[in-house]
Amino acid sequence: MANKLLLPLKYYDNAGRIIPPISLWVTILYVSKALFVLIASLTFVQDKSALLGLFYPVKSNLYVGLVISLAGLLVFVICGFREKIWKNKKNHLFGLIKPVLILVLIVDFIFQLYMANQHQWAFSWTLGVSAMLDLLILYWVVTSKHLAFMLLDWKFELDSKAH
């Protein structure tokens with residue numbers, strides 16, 4: 001995005017590219033929550049299944065959560081290797097970030113509803129908070145100007161540097 005600042009100067013790196021919003025990193029962490037729950041449960045010496053049972057009382061739900069976490073890791077890898085992606089002229093990969101996040105948040109929300117149905121819709125703080133966060137983060141991903149400008153900037157990085 002040559003010669004025009006779309007955001008305040010603090011949102012640009014030294015090369016003039018828009019840096020990812022902190023909210024994107026928080027979103028990636030949230031989407032990958034099953035992976036963190038698994039890692040945290042492995043650190044408990046006495047009862048490894050206690051934490052897993054809190055978040056995933058049905059063991060197969062953990063596996064679904066881990067598959068959902070893979071999407072978060074994909075977005076993380078794309079963001080983390082942006083310099084290599086630019087160098088290899090694979091900028092189209094940045095177009096995957098927003099659709100993958102939208103899809104995974106919708107899938108996670110549906111998964112939260114499925115788990116609530118498994119428990120006959122009995123109230124659960126973990127399910128309620130997770131479902132609400134899915135919707136709030138989905139709203140942010142869809143409406144964030146910072147994320148939209150960043151993705152445009154990254155996608156057309158090579159074109160603007162060539163001219």
Side-chain angles (χ1 to χ4, degrees), residues 1-42 55-56 60-116 125-163:
M1 312 250 95
N3 299 337
K4 186 177 180 185
L5 291 179
L6 300 171
L7 297 168
L9 194 56
K10 67 181 181 178
Y11 296 116
Y12 291 84
D13 64 10
N14 291 337
R17 291 182 292 258
I18 297 175
I19 58 173
I22 293 173
S23 306
L24 177 64
W25 301 117
V26 172
T27 299
I28 292 169
L29 289 173
Y30 173 74
V31 169
S32 303
K33 66 184 174 279
L35 186 62
F36 293 111
V37 169
L38 177 65
I39 291 168
S41 72
L42 294 174
F55 288 96
Y56 300 100
S60 62
N61 290 347
L62 172 64
Y63 303 128
V64 174
L66 290 172
V67 170
I68 291 171
S69 293
L70 292 177
L73 292 176
L74 172 68
V75 172
F76 179 76
V77 168
I78 290 173
C79 290
F81 288 99
R82 60 187 176 269
E83 295 288 337
K84 287 189 178 196
I85 291 172
W86 286 320
K87 184 178 174 184
N88 293 320
K89 299 179 183 179
K90 303 282 186 193
N91 291 20
H92 64 278
L93 291 174
F94 298 123
L96 295 174
I97 292 174
K98 193 169 184 175
V100 165
L101 287 176
I102 290 171
L103 179 65
V104 77
L105 288 164
I106 291 171
V107 168
D108 193 52
F109 179 72
I110 292 169
F111 182 56
Q112 300 302 322
L113 294 178
Y114 170 76
M115 289 193 305
W125 281 104
T126 56
L127 293 177
V129 170
S130 292
M132 185 58 90
L133 285 174
D134 281 332
L135 295 176
L136 288 172
I137 294 171
L138 178 63
Y139 177 78
W140 173 80
V141 169
V142 170
T143 61
S144 173
K145 296 291 186 203
H146 186 159
L147 181 63
F149 290 150
M150 180 201 80
L151 294 174
L152 278 174
D153 184 46
W154 287 11
K155 188 173 182 181
F156 298 108
E157 160 64 21
L158 290 176
D159 297 334
S160 66
K161 296 292 184 191
H163 297 294

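Just so it is clear, the values below take in all heavy atoms, side chains as well, and ignore hydrogens, waters and symmetry mates. We're numbering straight along the sequence, starting at 1.
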Out of L101, L138, L135, which residue meets the side chain to side chain contact (heavy atoms under 4.5 Å, CB included) rule with I106?
-> L138

Tightest non-hydrogen contact, residues I85 and N91, listed as O-OD1, 3.8 Å

Side-chain contact, heavy-atom cut-off 4.5 Å: L70 with L73?
-> yes

Heavy atoms, side chains only, cut-off 4.5 Å: are M150 and K155 in contact?
-> no

So, does D153 use its side chain to make a donor-acceptor pair with the main chain of F149 at under 3.5 Å?
-> no

Tell me, do Y12 and I19 make a side-chain contact under 4.5 Å, heavy atoms counted?
-> no

Atom pair NZ/CG of K98 and L24 - distance to nearest 0.5 Å | 11.5 Å

Would you say the side chain of V64 lies within less than 4.5 Å of the side chain of F111, judging by non-hydrogen atoms?
-> yes

Look at the aromatic rings of Y11 and H146 and report parallel, tilted or perpendicular, splitting at 30° and 60°.
-> perpendicular

Would you say Y114 has more than 12 foreign heavy atoms packed within less than 6.0 Å of its OH?
-> no

Got a donor-acceptor contact below 3.5 angstrom from the W154 side chain to the L93 backbone?
-> no

Looking at side-chain heavy atoms only, is the closest gap between F76 and F81 below 4.5 Å?
-> no

Return the minimal non-hydrogen interatomic distance between Y56 and G65, and the atom names on each side.
-> OH-CA, 4.4 Å

Any donor-acceptor pair under 3.5 Å from D108 side chain to V31 backbone | no

D13 (side chain) donor-acceptor with A15 (main chain) under 3.5 angstrom | yes

Rounded to the nearest 0.5 Å, how far does CG of L96 lie from CG of L103?
-> 11.5 Å

Close side-chain approach of F94 and I97, heavy atoms under 4.5 Å = yes

Measure the spacing between CD of E83 and CG of N88 and express it to the nearest 0.5 Å.
-> 11.5 Å

CE of M115 to OG of S130: how many Å apart, nearest 0.5 Å?
-> 6.5 Å

When V142, I137, V100, L136 are each screened for side chain to side chain contact (heavy atoms under 4.5 Å, CB included) with L105, the one that passes is I137

Taking the side chain from S32 and the backbone from L29, do they hold a donor-acceptor pair closer than 3.5 Å?
-> no

Expected output: side-chain S144 to main-chain L147 donor-acceptor under 3.5 Å | yes

To the nearest 0.5 Å, atom OG of S69 lies from atom CG of L38 at 9.0 Å

Mind checking whether T143 and Y139 have side chains closer than 4.5 Å, heavy atoms only?
-> yes

Count the heavy atoms of every other residue, nucleotide or ligand shown that sit under 6.0 Å from CD1 of I22, and state whether that count exceeds 12.
-> no

Check the pair D134, Y30 against side chain to side chain donor-acceptor pair (under 3.5 Å), reporting the backbone distance first and the verdict last.
-> CA-CA 9 Å; D134 281 332; Y30 173 74; 3.0 Å; yes

So which heavy atom on F109 is nearest to which on A131, and how close?
-> CD1-O, 3.6 Å

